[in-house]
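Okay, structure first, notes after.
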Amino acid sequence: MELNEKITLRQFNLLIILFTIGTSILLSPASLAAYAGNDAWLSAILSVVIGLVILVFFWSVSRQFPTSNLVDISEQVLGKWLGKLAALLFACFSLISAATVLWVIGNFLVTQIMPETPMMFLHFLLMGSVVYGVLLGIEVICRTVEIFFPYIVTLLLIIYIFSVPSIKIEHIQPMLDGGFKPILEGAIFDTSVSLLPLIVLFMVFPKLVTNKKRVLPKVMVSYLIAGTFIIAITFITITVLGVEITANQTYPTYVVAKSLNVEGLIQRAEVVIAVSWLLTIFFKLSLYFYASVTVLAQVLNLNTYRTITVPMGMLTVALSLIVYPSTTYANEWNESTWLWFALTFGIVYPLLLSLIGRVLGIKGKK
Amino acid sequence: MWAISFTALLIWAGLGIKKLHSTGLWKDLIVYACVWAVAMTIITLYRFHIPVPNPLDGISYIYQPLSKLYQQLFS
């Protein structure tokens, strides 16, 4: 299977921003507050710093194999069958991640906005748009990113700016009260949620991206922009709601938006954050799904990935119904297992490919 | 409602199989049918409240030693 689509570096950078913001904008403040208490915002800053280091590592891998995607690299470095097996496991990672993201958005809609709508119906509806996007191709998804990016940024800025009057700095004092360990723990977890999944973009970059000049600074700026959004929302939720409420809420950002009241004039702005989150999560889900479908199609040498897109969409919906039986299970699984699952495919897998590639002197081809 | 949705999905799958059959893409046809069958099986079992093995339990089992070590490190 040959992927003949092309996207620009600018589009790829916008993808990075929206993919990183993705679920983090609504979920990170709660997990960071649970780990690091009133130092959650410091944890978010540390997470971005760790993320930048990992980003440089991703860039070095992409430079090592400048014309290959992840399946090509796997097959070149590990050999045909072992490479295919590793890529198949990666497809499972992407598929399960897509299913969990679909559950998260479905759970959010059912618990916060549409409590009487069956979750399965919402999952079908959301996945329908993602499947349609992937059927049209990565070029169309990227053009959609370009269209929606200004709206997402504007909607988020509305929440940020109008939250400023409610900020109480005493909520984050005293600083570093619990020591450095909880901050590091929170930062590691946040990195595993926001940055490590960026590995799925190796199905797009560097193979499908044109004009790859000065990639690293541009990608770093994109990641910093996304990181700033996450740091800002963590700071705002902690200072507006306080540590305990932030840590106990599943969606603290949504609660902040609910509590907005600007002179009695602007109230009930929570749907603003819901719309921006629906948009960012659509792109995150699309990229996970795109990666799982293209990896599977390339590994099995199919004519085109489009033939299996619809049944794979059905499979994602089916998995999303069973992956998390409850919110408690989801939280426990994320805390105990997700970090290792993400580390395996986000760090260990590309690191092994890079090291073996260097030892054997393999450079990208195709 | 369930019966109607299920029938519609089966017809949809059937149309896809027919199209792939006519183009002669056998490998694509086999993968298409297998993935669709797995998805429909899980959805049907879920609909009738029959327990389906959760893949995340398997993943947790694999990473259990590492997550325990990590928890000890940060406790």
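Chain letters run A, B, ... following the sequence lines, proteins first and then strands; every chain starts at 1.
Heavy atoms closer than 4.5 Å to chain A are found in the backbone of B:Pro53, but not in its side chain. Heavy atoms closer than 4.5 Å to chain A are found nowhere in B:Ile62, neither backbone nor side chain. Heavy atoms closer than 4.5 Å to chain A are found in both the backbone and the side chain of B:Tyr32. The part of B:Leu20 that comes within reach of chain A is its side chain, from C-beta onward, which places non-hydrogen atoms under 4.5 angstrom from that chain. With a 4.5 Å cut-off on non-hydrogen atoms, B:Leu25 touches chain A through its side chain but not through its backbone.
The environment of CD1 in B:Ile50 is crowded: more than 12 heavy-atom neighbours from other residues, nucleotides or ligands sit within 6.0 Å. Shown here is B:Tyr61, whose OH atom has no more than 12 heavy atoms of other residues, nucleotides or ligands within 6.0 Å.
In this structure, the side chain of B:Asn54 engages the main chain of A:Ile322 through a donor-acceptor pair within 3.5 Å.
One distance of note links OH of B:Tyr63 with CG of A:Leu343; it measures 8.5 Å at 0.5 Å rounding. With rounding to the nearest 0.5 angstrom, the OG atom of B:Ser60 is 13.5 Å from the CH2 atom of A:Trp340. The distance from the CG atom of A:Leu300 to the CD1 atom of B:Ile30 is 10.5 Å, given to the nearest 0.5 Å. Taking CG of A:Leu321 as the start and CD1 of B:Ile42 as the end, the distance is 9.0 Å to the nearest 0.5 Å. Note: A:Trp333 CH2 to B:Ser67 OG = 11.0 Å, rounded to the nearest 0.5 Å. Taking CD1 of B:Ile43 as the start and CZ of A:Phe124 as the end, the distance is 4.0 Å to the nearest 0.5 Å.
With a 4.5 Å cut-off on side-chain heavy atoms, A:Val310 and B:Trp36 count as touching. In this structure, the side chains of A:Leu302 and B:Val31 come closer than 4.5 Å at one or more pairs of heavy atoms.
The heavy-atom pair separating B:Ala39 from A:Ala318 by the smallest distance is O-CB, 3.7 Å.
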Derivation and outcome, side-chain contact (heavy atoms from CB on, under 4.5 Å), residues B:Leu56 and A:Thr337: CA-CA 9 Å; B:Leu56 298 196; A:Thr337 313; over 6 Å; no
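Of the listed residues (A:Glu335, A:Met314, A:Met120, A:Met312), the greatest number of heavy-atom pairs within a distance under 4.5 Å of chain B belongs to A:Met314. Note on A:Ile96, A:Thr307, A:Leu296, A:Ile308: by heavy-atom pairs under 4.5 Å with chain B, the leading option is A:Thr307.
With 3.5 Å as the limit, one finds a donor-acceptor pair spanning the side chains of A:Tyr329 and B:Asp57. A donor-acceptor contact closer than 3.5 angstrom is absent between the side chains of B:Tyr70 and A:Ser336.
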